[in-house]
> 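Below: one structure in structure tokens.
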Amino acid sequence: MNFSSDFHASLSDVDIKDAENSIGSIPNDILAIYHRQNGGVMERSLFISDAEDEYVMEYLLPIPEGGLEPAEQDIVRVNTALQREQLIPADHLAFGMDGGGNYFSVARSDGSVWYHPLDTWEEDQSPAENHARTMERLSGSVTDFFDNLTEQ
């Protein structure tokens, strides 16, 4: 996995525990990614689904690190806001985003990766109705998702 820009690779167990205290557990497959690279702009960002649809994850949300200036968009801030507004299901954890402000998440229940196109959200529908209508399952696992990212 390559990044064209990055944050810091010095993520500590305390940083992870602090984040998990705020947003709940971070699945091990995602933690493995964060231990190698704590956020940044993706070089290999294109995911092509089984239906040949293209998705571009441009940005891996960083986990906040103690003693450093927080990123404007980090995994804690983003997930806190998304959960508060019920824009993603409660068992999902957003970890990336595209250039249009749509999110990529992992389902904590089974490790599958999902896409959340928030630009198709309908205010007159409940969160559950919006989730059912808009969410797209991309991959059965985080590892499979990241292994299948290619350059645009």
Side-chain angles (χ1 to χ4, degrees), residues 1-9 11 15-16 19-20 22-65 71-152:
M1 179 174 35
N2 295 324
F3 292 81
S4 58
S5 70
D6 57 44
F7 294 101
H8 303 275
L11 193 61
D15 297 327
I16 294 167
E20 289 183 324
S22 296
I23 58 174
S25 67
I26 301 172
N28 288 334
D29 287 350
I30 285 287
L31 281 178
I33 304 288
Y34 279 106
H35 279 297
R36 289 185 302 228
Q37 181 65 49
N38 186 21
V41 177
M42 307 289 292
E43 273 184 16
R44 291 183 8 206
S45 60
L46 177 64
F47 182 86
I48 301 173
S49 71
D50 292 339
E52 301 297 319
D53 294 324
E54 295 183 357
Y55 302 86
V56 178
M57 189 180 94
E58 294 182 3
Y59 186 66
L60 179 68
L61 301 168
I63 293 174
E65 297 178 61
E72 191 170 309
Q73 296 271 348
D74 67 47
I75 199 168
V76 171
R77 289 180 188 197
V78 166
N79 279 281
T80 300
L82 291 173
Q83 292 297 335
R84 180 180 55 243
E85 300 298 323
Q86 299 180 349
L87 296 175
I88 64 173
D91 75 323
H92 282 241
L93 177 73
F95 62 84
M97 62 187 284
D98 67 13
N102 301 304
Y103 292 93
F104 294 81
S105 75
V106 59
R108 290 180 174 114
S109 59
D110 66 4
S112 57
V113 174
W114 294 77
Y115 180 68
H116 304 270
L118 298 183
D119 50 356
T120 60
W121 193 267
E122 298 289 339
E123 294 299 324
D124 62 338
Q125 293 183 343
S126 72
E129 290 169 321
N130 273 299
H131 298 157
R133 185 178 54 77
T134 64
M135 287 175 53
E136 300 172 44
R137 186 178 187 273
L138 301 181
S139 179
S141 74
V142 169
T143 302
D144 180 63
F145 175 77
F146 278 94
D147 284 350
N148 285 292
L149 290 175
T150 61
E151 291 185 26
Q152 291 184 336

> Under 3.5 Å, side chain of Gln83 to main-chain N/O of Pro89, donor-acceptor pair present?
yes
> When you look at Arg133 and Asn130, which way does the side chain to side chain contact (heavy atoms under 4.5 Å, CB included) test go after all the steps?
CA-CA 5 Å; Arg133 185 178 54 77; Asn130 273 299; 2.7 Å; yes
> Does the pair Leu61 and Arg77 meet the rule for a side chain to side chain contact (heavy atoms under 4.5 Å, CB included), with working shown?
CA-CA 10 Å; Leu61 301 168; Arg77 289 180 188 197; over 6 Å; no
> Nearest 0.5 Å please: distance from the CD atom of Gln37 over to the CE atom of Met42.
9.0 Å
> Which residues pass the side-chain hydrogen bond (donor to acceptor under 3.5 Å, both in side chains) test with Glu136, sequence neighbours left out?
Tyr55
> Just checking Asn28: does its CG atom have more than 12 heavy atoms from other residues, nucleotides or ligands closer to it than 6.0 angstrom?
no
> Is there a side chain to side chain contact (heavy atoms under 4.5 Å, CB included) between Phe146 and Asp29 once you walk through the steps?
CA-CA 10 Å; Phe146 278 94; Asp29 287 350; over 6 Å; no
> Quick one: closest heavy-atom pair of Ile88 and Ala94, and the distance?
CD1-N, 4.0 Å
> Can you tell me how far CE of Met57 sits from OH of Tyr103, rounded to the nearest 0.5 angstrom?
13.0 Å
> Do the side chain of Asn102 and the main chain of Leu118 share a donor and acceptor less than 3.5 angstrom apart?
yes
> Mark yes or no for whether Asn38, through its side chain, and Ile63, through its backbone, hold a donor-acceptor pair below 3.5 Å.
yes
> As an exercise, state the distance from CH2 of Trp114 to OG1 of Thr134, rounded to the nearest 0.5 Å.
10.0 Å
> Under the 3.5 angstrom rule, does the side chain of Arg108 hit a backbone N or O of Leu93 as a donor-acceptor pair?
no
> Is the ring centre of His92 less than 6.0 Å from the ring centre of His116?
yes
> How far apart are the closest heavy atoms of Ser22 and Val76, and which atoms are they?
CB-CG1, 3.8 Å
> Enter the distance from Thr150:OG1 to Phe47:CZ here, rounded to the nearest 0.5 Å.
9.5 Å
> Determine the sole option in Asn148, Asp50, Asp144 for which the side chain to side chain donor-acceptor pair (under 3.5 Å) test with Ser139 is passed.
Asp144
> With distance as the sole test, does Asn79 use its side chain to make a donor-acceptor pair with the main-chain N or O of Ile75 at under 3.5 Å?
yes
> Report the residues that fulfil side-chain hydrogen bond (donor to acceptor under 3.5 Å, both in side chains) with Asp91, sequence neighbours left out, ordered by chain and then residue number.
Ser109
> In Å and rounded to the nearest 0.5 Å, what is the CG to CG distance from Leu46 to Leu149?
8.0 Å
> Relative to the ring of Phe145, is the ring of Phe104 parallel (under 30°), tilted (30 to 60°) or perpendicular (over 60°)?
tilted
> Would one find more than 12 heavy atoms of other residues, nucleotides or ligands at under 6.0 Å from atom CG of Asp110?
yes
> Nearest 0.5 angstrom please: Ile26 CD1 to Leu31 CG, how far?
5.5 Å
